Amino acid sequence: MSRKISLTVNGAALEAVVEPRLTLVDFLRDQAGLTGTHVGCEHGVCGACSVLFDGAPIRSCLMFAVQADGHAMTTVEGLRDEDGSLGVLQDSFWETHALQCGYCTPGMLIAAEGCCRAIQIRPMRRSARRSPVISAAVPAMFRLSKRSVSPRPAGVSNR
Amino acid sequence: MTELSMTGPSNRRFVSVKRRPKEDGRFISGSGRFVGDIKRPGMLHIALVTSPYPAARILSIETGAALALPGVVAILDGAALAAVSNPLANAVHTPGVRCYSLANEVVRYVGEWVVAVVAETRTLAEDAAELIEIDYEALPFVVDAEEALDPTAPPVHAAHGSNVLYHRTFTWGPVAEDFASQPNQLSFDLRWGRSAPIPVETFGVVAEWDAGAEILEVWASIQMPSYGEQISGALGIPFNQVRAHYDVDVGGSYGVKRGIKHTVLAGFLARKLGRAVRLVEDRLENMVGGDMHGPDREFRVAVAFDDQGLVRSMKLRVREDVGGHTGRAPFQLGKPVSAIVGAYQINSVEYEAIAVSTNKTGQTAVRGFGMSPTNVAIETAIDKWRVNWGCRGWWCASVISSARISSLSDPQRFGI
Amino acid sequence: MKAAVFDYSRAESLDEVLAILSDAGGEARIIAGGQSLVAMMAMRLARPEILIDINHVEALAGIGTTSAVVTIRACTRQAAAEKSVVIAADIPLLAAALPHVGHIQTRNRGTIGGSLAHGDPTAEILLTAMALRAEVVLASTHGIRNLQIADFGLGPMQTAAADDECLTEIRFPIPPLGLSIGTVVDEISPKAGDYAVVGVAVEVGLDDAGICRHLRLAASGASPVPVSANPVEAALLGSTLGSADVAGAARLLDPLLDPESDVQASAAYRRRVAVGMLARAIELARDRALDRSQNQTKGDLT
């Protein structure tokens with residue numbers, strides 16, 4: 001019953017054997033080892049599991065991994081710049097402390113990334129501005145230079 | 001007293017210096033370490049079979065088909081667990097009330113855990129859970145606390161003899177005299193509805209028994225200091241044989257995540273099976289049987305105030321609907337004792353606390369361990385009393401706030 | 001919340017979809033966006049033996065138009081429809097409804113046909129289709145049949161599609177030319193993106209004199225499937241949609257309703273709110289149509 005799938009995750013080609021009933025989020029976390037994407041409500045409401053699927057944000061709890069065969073995904077781990085430093089969106093979330101417990105933050109980042117990609121075509125939609133803190137973080141992305149304006153805590157490198 | 005300079009260049013390292021929170025770095029890069037990220041070698045997974053009845057007797061549990069499924073390692077029911085573990089502590093003397101991680105003999109609310117299935121993966125455990133057949137005899141149930149007080153109501157904990165788990169009246173000062181001497185009085189009823197907070201990350205625990213060191217290692221979505229103590233009590237092992245790893249990131253809680261029954265179950269199975277065992281609630285388990293409800297209280301409030309408009313005395317009667325399991329209720333009814341007048345200076349107070357069991361989900365320490373409902377009762381009394389005093393219209397809000405200030409405790413009483 | 005075992009089949013053509021459906025004897029389910037189906041499978045409320053993935057059937061995606069009808073193929077993503085200039089211009093009511101459907105992330109996967117086939121009684125796409133009297137096309141190995149949307153939606157999660165049929169396209173009529181069109185889709189829901197408790201969809205067409213010559217109305221959440229408000233439309237056509245007329249006519253919706261009480265709202269609440277929201281929405285749509293015609297007039301002058 002299991003199937004072989006080939007997909008691209010964060011720019012890297014992956015091959016895996018999956019049971020059809022394995023959801024994309026469980027695949028990413030348990031088989032691809034990318035635990036940055038989190039399981040929240042498990043039925044598509046909370047957004048913690050959001051990933052970019054062929055460039056657009058989707059709920060990875062509402063897809064089976066087998067459906068992702070031949071497609072490309074980006075998770076929070078893939079939001080870094082090519083040189084491995086934090087992406088400007090991640091950096092601006094940090095700068096503005098746009099999080100509390102951090103559990104859904106990867107989903108917030110993916111939603112914001114999707115939003116930023118979308119506004120290259122048209123203006124930001126209302127739904128991207130619901131949270132005041134997140135709404136500060138997204139414009140901050142455009143203001144922030146690649147060098148952060150606040151010092152990072154000692155011992156925390158730009159991993 | 002040291003003089004504080006509010007001007008001049010700051011050479012402070014932290015105060016007034018814009019800094020980035022240290023922990024954000026791992027959260028924005030996807031490298032946080034939550035309980036769902038904990039992996040131990042050979043780790044097994046638990047799925048649960050839960051009660052579809054608010055009250056029922058468990059007649060039989062058929063596990064043969066489930067055990068025969070490849071990948072299924074063990075199946076545990078409440079009778080087997082109760083035989084070798086202690087009831088979960090509730091910190092109040094409630095004779096005859098014995099709650100375990102799994103229902104024993106009877107179920108007391110919809111969603112109560114009845115059987116735990118342990119398998120190589122969570123998916124296999126869920127497959128097996130579907131194959132378990134439980135025969136129940138439905139029993140009468142009660143879901144209204146007032147009805148539960150009736151001696152003829154169905155008993156939730158039959159061995160306790162009554163649905164009243166706790167009833168005590170605390171009195172500070174001459175309440176009767178103060179009420180008798182003050183003609184200005186008002187009374188009202190107030191309801192604090194049951195809430196069911198939903199953390200974005202469900203509660204989860206990974207337990208592993210280190211046979212060499214004889215230590216139960218526990219990774220959980222927990223912040224509670226007394227966590228290890230309560231687990232050791234239920235499992236009957238010394239406190240120093242439980243090692244809780246508090247460095248696990250927690251995806252929201254607000255007191256909701258207590259997870260004692262989860263951890264006792266996973267800890268017991270880990271020790272028995274000699275393998276790491278993981279129990280991460282799925283969203284259905286979290287919302288139905290996770291015991292994460294908040295207080296559910298009915299207040300009767302009476303205040304007596306003098307001719308200057310100062311509250312002289314207050315009586316609070318509170319009836320708490322504990323639900324089917326004693327988790328943090330009825331204990332949480334005690335918290336208001338430490339702050340029964342709120343921020344006010346009131347000459348005398350009577351506080352009557354009644355905890356009643358019903359066939360509903362149990363409670364946990366949602367937001368401030370049971371104090372918020374009492375604060376609402378006190379503040380509502382102040383509001384109503386001020387309106388009753390003749391304070392209506394546009395200036396009411398400012399009078400209420402000045403009334404609050406005039407009733408507030410004298411700072412000198414705190415030695416400030 | 002892990003789905004029960006199923007077999008997965010990625011179809012490349014409609015014929016393949018229909019053949020698998022025919023062979024499966026009712027045990028196969030089509031997955032398009034899966035935004036409701038996967039959650040139901042995770043809760044094991046749905047447990048098909050075979051899942052037929054139609055996301056790679058090219059013939060099932062896309063938007064086409066004639067002078068009278070816009071045809072949306074079933075597997076067209078809601079997000080694609082939301083961005084479509086054809087839909088914005090020719091089915092403005094659907095364009096107004098789409099932002100209410102789930103969240104951006106679910107619209108990026110969810111499809112127009114999938115939402116209809118799922119049959120959720122408060123789904124906005126079904127509401128819009130009901131207001132506009134859309135037509136659906138169902139295909140099976142036996143052939144093709146067309147159904148009016150009112151004959152397609154039978155009840156909550158129930159449609160007229162047989163086990164071996166695949167919904168292939170939806171045909172929305174284009175509003176008459178020469179009228180100024182105003183649309184409103186409004187709903188009450190616990191939070192944005194959540195299921196609607198009560199929803200209304202209104203499309204108003206006014207002539208140059210401000211007389212209503214075109215009216216399409218539907219309400220959801222107060223009946224087992226959304227209802228088209230024919231008597232209300234009949235009562236208001238030819239009027240200027242004055243407040244008193246609208247309030248009076250909206251009451252004609254009431255006898256069409258058959259609400260049930262649940263944890264979200266009582267039957268009486270649903271009934272009252274449906275009538276009230278419909279009246280309010282008609283007036284707002286009228287104002288939008290008037291604004292539009294004034295702006296067009298201004299545009300003509302300059």
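A quick note: this is a predicted structure, and the numbers were derived from the prediction, not measured. Letters A, B, ... are given to chains in the order of the sequence lines, protein chains preceding strands, and every chain is numbered from 1.
Contacts with chain A were tallied for B:Thr202, B:Ile198, B:Asp282; B:Asp282 has the most, counting heavy-atom pairs under 4.5 Å. Per-residue counts of heavy-atom pairs under 4.5 Å with chain B were compared for A:Gly102, A:Cys101, A:Gly36; the largest is that of A:Cys101. In terms of non-hydrogen atom pairs under 4.5 Å with chain B, the most contact-rich of A:His38, A:Glu19, A:His43 is A:His38.
Heavy atoms of B:Asn286 lying under 4.5 Å from chain A are absent altogether. With a 4.5 Å cut-off on non-hydrogen atoms, A:Leu79 does not touch chain B at all. Heavy atoms closer than 4.5 Å to chain A are found in both the backbone and the side chain of B:Asp37. At a 4.5 Å heavy-atom cutoff, the contact between B:Val200 and chain A is made by backbone and side-chain atoms alike. For chain B, the nearby parts of A:Arg29 are the backbone and the side chain; heavy atoms of each come within less than 4.5 Å.
Interatomic distance, CG of A:Asp81 versus CD of A:Gln90, reported as 8.0 Å (0.5 Å rounding).
For the side-chain hydrogen bond (donor to acceptor under 3.5 Å, both in side chains) with B:His293, the lone residue among B:Lys360, B:Arg328, B:Gln363, B:Arg194 that qualifies is B:Arg194.
No salt bridge links B:Arg122 with A:Asp30; every basic N to acidic carboxylate O contact stays at or beyond 4.0 Å.
Defined by atom type and a distance below 3.5 Å, a donor-acceptor pair is missing between the side-chain atoms of B:Ser51 and B:Tyr109.
Shown here for A:Ser6 and A:Asp69, the closest heavy-atom pair between the two residues is N-OD1, 2.9 Å.
Aromatic pair B:His262/B:Trp113: centroids less than 6.0 angstrom apart.
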